[in-house]
Amino acid sequence: MPFRFWRRFRAGPFRINLSKGGVSYSIGGRGAWFTFGRGRVRETVSLPGTGLSWYKQRRLGRTAERKRSAVGAAKRTARHPLTWLVIIGLIIWAVTALIGH
């Protein structure tokens, strides 16, 4: 039987995920998460309580490839309405969390 290891540490909207494969970092809240680590970026959006979710995962390459793909990715991301909805939701969530305390 293969050995598995996984542990998560939480601090507000931030998470540090430790596993046998490496370390990753997540930021987000209920319904939307961004995870960075092990040469990948993963965006996850879900409808809380339904079990329905959508994700998009990209691999990060070498520096030159990353620069080229980052420019193209930024242009594609800027046109995607769901990305803007997630960003606005995260901003609203953060502001209400700061005001509420």
Side-chain angles (χ1 to χ4, degrees):
M1 180 176 288
F3 172 74
R4 294 182 71 186
F5 171 75
W6 172 82
R7 182 75 178 143
R8 177 177 292 155
F9 299 96
R10 298 178 189 183
F14 302 100
R15 292 182 182 174
I16 297 174
N17 309 298
L18 303 174
S19 71
K20 187 173 76 170
V23 178
S24 65
Y25 307 92
S26 300
I27 183 168
R30 187 175 170 140
W33 283 94
F34 293 93
T35 304
F36 310 91
R38 297 184 298 214
R40 307 182 271 230
V41 176
R42 183 177 180 137
E43 304 168 33
T44 305
V45 178
S46 66
L47 294 173
T50 64
L52 298 173
S53 65
W54 169 85
Y55 75 92
K56 180 178 175 181
Q57 184 168 297
R58 294 176 297 206
R59 282 203 169 275
L60 300 175
R62 295 185 200 132
T63 305
E65 293 173 303
R66 203 177 299 166
K67 286 180 183 177
R68 282 193 302 266
S69 66
V71 171
K75 288 178 182 176
R76 288 189 302 274
T77 301
R79 291 181 286 188
H80 199 289
L82 185 57
T83 301
W84 284 110
L85 182 63
V86 169
I87 291 170
I88 291 168
L90 286 172
I91 291 170
I92 292 170
W93 174 79
V95 169
T96 56
L98 290 173
I99 292 173
H101 285 56

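Reckoned from all heavy atoms, side chains included, excluding hydrogens, waters and symmetry mates.
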Asker: Sequence neighbours excluded, which residues qualify as side chain to side chain donor-acceptor pair (under 3.5 Å) partners of S19?
Answerer: R38

Asker: For residues 5-15, pull every pair meeting side chain to side chain donor-acceptor pair (under 3.5 Å), keeping only residues two or more places apart or in separate chains.
Answerer: R8-N17

Asker: If the condition is side chain to side chain contact (heavy atoms under 4.5 Å, CB included), which residues does F14 pass it with, not counting sequence neighbours?
Answerer: I27

Asker: Any chance you could measure S46, atom OG, to W54, atom CH2, to the nearest 0.5 Å?
Answerer: 11.5 Å

Asker: Could you report the tightest heavy-atom contact between W33 and S26, atom names first, then the distance?
Answerer: CE3-CB, 3.8 Å

Asker: Surrounding OH of Y55 (heavy atoms of other residues, nucleotides or ligands, distance under 6.0 Å), is the total greater than 12?
Answerer: no

Asker: Each residue besides L47 in its hydrophobic cluster should be listed here, by chain and number; the cluster joins Ile, Leu, Val, Met, Phe, Trp and Tyr at side-chain heavy-atom distances under 4.5 Å.
Answerer: L52

Asker: List in chain and number order the residues that pass side chain to side chain donor-acceptor pair (under 3.5 Å) with R30, two or more places apart in sequence or in another chain; answer none if no residue qualifies.
Answerer: none

Asker: Say you draw a straight line from OG1 of T35 to CD of E43; how long is it, rounded to the nearest 0.5 Å?
Answerer: 10.0 Å

